[in-house]
Amino acid sequence: MWKWLHPYAKTEQAYRLCSTLLPWFAVASLLCLIPGLIWGLAYAPADYQQGDSFRIIYLHVPSAILSMGAYSAMAVAAFIGLVWQIRSADMAVAAIAPVGAVMTFIALFTGAAWGKPMWGTWWVWDARLTSELILLFLYLGVIALYQSFEDKQQGSKAAGIMALVGVVNLPIIHYSVEWWNTLHQGATITKFGKPSIAPDMLWPLLLCLAGLAFVVGALSLYRLQTEMLRRELHRPWVQKLAGGNSDAV
């Protein structure tokens, strides 16, 4: 079942795949995120309890979901890199970590801005908020471990192990509002049978989620390309690519 991965074990093939996918992800992010934000921020009806302050949901909820989604993707890449020794998967861990950390920071920042008018405080040691903060520390730990090794192969292994260990935090984040008595509200769009949000608020939220997912994908692909070029600088295919670019200039 993993046969389709084998060609991309070669960094040159993985780089070409990134080059193919990156423009599509970039265009898709614009097509989804721009109308989603305009619809949600300007045209969606105000919430009957929270008024217009609820509109931060169109950035907070997608960034929170994608902070966990990016970590899941990073953990999968780490597992592939450790088990099958695929170099491009190791590089993907290094590429995704900063993007996921930014998503986590945005989720925490917008959550604090939302919590101030709703809860009367910027921060409480709520189970959901605390576990999300731990996720940020996990991202920073993966980045720090990777950067602390001069031998990037060893750094990739250390960062990959930490990424896999940190997966245990993901179900804690997701189910924290059910396992403990917290201030954070429960699930909304994840209850597909009966979402706890009106359709005219739900659709722009889904557009923002899709758009931000494509942004995460595009940034990760770009960073992966950069990481490949940096670590494979001595390879003939990179030197050929650099030569071709200089000739074009």
Side-chain angles (χ1 to χ4, degrees), residues 2 4-5 7-44 54-78 80 86 88-89 91-111 132 135 139 163 170 173-174 187-192 195 197-229 241 245:
W2 295 101
W4 65 275
L5 272 178
Y8 305 110
K10 296 182 178 179
T11 51
E12 182 179 2
Q13 291 295 98
Y15 183 90
R16 289 176 179 173
L17 179 64
C18 291
S19 298
T20 301
L21 294 178
L22 184 55
W24 292 97
F25 275 69
V27 171
S29 66
L30 295 176
L31 292 178
C32 293
L33 194 57
I34 291 176
L37 287 174
I38 293 174
W39 187 357
L41 297 179
Y43 296 102
F54 96 98
R55 297 184 191 279
I56 202 168
I57 193 177
Y58 295 109
L59 186 58
H60 173 69
V61 172
S63 61
I65 292 174
L66 290 169
S67 68
M68 294 185 288
Y71 197 94
S72 299
M74 185 178 68
V76 170
I80 293 172
I86 296 179
S88 53
M91 297 177 197
V93 174
I96 296 171
V99 181
V102 170
M103 288 296 108
T104 309
F105 176 80
I106 292 173
L108 289 168
F109 181 81
T110 54
E132 186 75 9
L135 183 66
Y139 274 122
L170 298 183
I173 297 174
H174 182 73
T188 52
I189 62 174
T190 54
K191 297 193 297 184
F192 291 109
I197 184 171
D200 46 0
M201 298 177 180
L202 175 63
W203 286 110
L205 181 57
L206 292 177
L207 278 174
C208 289
L209 176 58
L212 203 58
F214 284 120
V215 169
V216 170
L219 291 175
S220 298
L221 289 171
Y222 179 78
R223 283 189 48 80
L224 179 55
Q225 283 188 308
T226 304
E227 187 68 18
M228 288 177 180
L229 292 177
L241 183 64
N245 289 339

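Computed from heavy atoms alone, side chains included, the values below leave out hydrogens, waters and symmetry copies.
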- Output the distance between atom CZ (Arg55) and atom CG (Leu37), rounded to the nearest 0.5 Å. 12.0 Å
- Query: Just by distance, do the side chain of Ser220 and the backbone of Gly217 share a donor-acceptor pair under 3.5 Å?
  - Reply: no
- Task: May I have the step-by-step check of side chain to side chain contact (heavy atoms under 4.5 Å, CB included) for Leu241 and Leu229, ending in yes or no?
- Result: CA-CA 9 Å; Leu241 183 64; Leu229 292 177; 3.9 Å; yes
- CE of Met91 to CD1 of Ile86: how many Å apart, nearest 0.5 Å? 11.5 Å
- Spacing of CG belonging to Leu207 relative to CD1 belonging to Ile34, to within rounding of 0.5 Å: 12.0 Å
- Item | Heavy atoms of other groups near Trp203 CH2, more than 12 under 6.0 Å | no
- Task: Can you measure from CZ (Phe25) to SG (Cys18) and round to the nearest 0.5 angstrom?
- Result: 9.5 Å
- Step-by-step side chain to side chain contact (heavy atoms under 4.5 Å, CB included) determination, Leu59 to Cys208: CA-CA 7 Å; Leu59 186 58; Cys208 289; over 6 Å; no
- Short side-chain to backbone donor-acceptor contact, Tyr139 and Tyr71, under 3.5 Å: yes
- Counting N and O atoms only, with roles assigned by atom type, does the side chain of His60 sit under 3.5 Å from a partner on the main chain of Thr110, one being a donor and the other an acceptor? no
- Sorted by chain and residue number, the side chain to side chain contact (heavy atoms under 4.5 Å, CB included) partners of Arg223 (sequence neighbours excluded) come out as Ala95, Pro98, Val99
- Query: Closest heavy-atom contact between Gly100 and Ala70?
  - Reply: CA-CB, 3.9 Å
- What are the two closest non-hydrogen atoms of Ser72 and Leu170, and how far apart are they? OG-CD1, 3.3 Å
- Relative to each other, are the rings of Phe105 and Phe109 parallel, tilted or perpendicular (30° and 60° limits)? parallel
- Would you name the heavy atoms of Ile57 and Pro62 that are closest together and state the gap between them? O-CD, 3.3 Å
- Message: How close do Leu33 and Leu212 get, counting heavy atoms only, and between which atoms?
- Response: CD1-N, 4.0 Å
- Item | Atom of Pro199, atom of Pro204 and distance for their closest heavy-atom approach | O-CD, 4.4 Å
- Write down the atom of Ala89, the atom of Ala77, and the distance for their closest heavy-atom approach. CB-O, 3.4 Å
- Message: What's the separation between atom CD1 in Ile173 and atom CD1 in Ile65, rounded to the nearest 0.5 Å?
- Response: 12.0 Å
- Message: Taking Leu224's backbone N and O only, do any of them form a donor-acceptor pair with Tyr15's side chain (distance below 3.5 Å, no angle check)?
- Response: no
- Working to the nearest 0.5 Å, report the span between CH2 of Trp39 and CG of Leu206. 9.0 Å
- Task: Output, in order, the C-alpha distance, side-chain angles, deciding distance and verdict of side chain to side chain contact (heavy atoms under 4.5 Å, CB included) for Lys10 and Gln13.
- Result: CA-CA 6 Å; Lys10 296 182 178 179; Gln13 291 295 98; 4.3 Å; yes
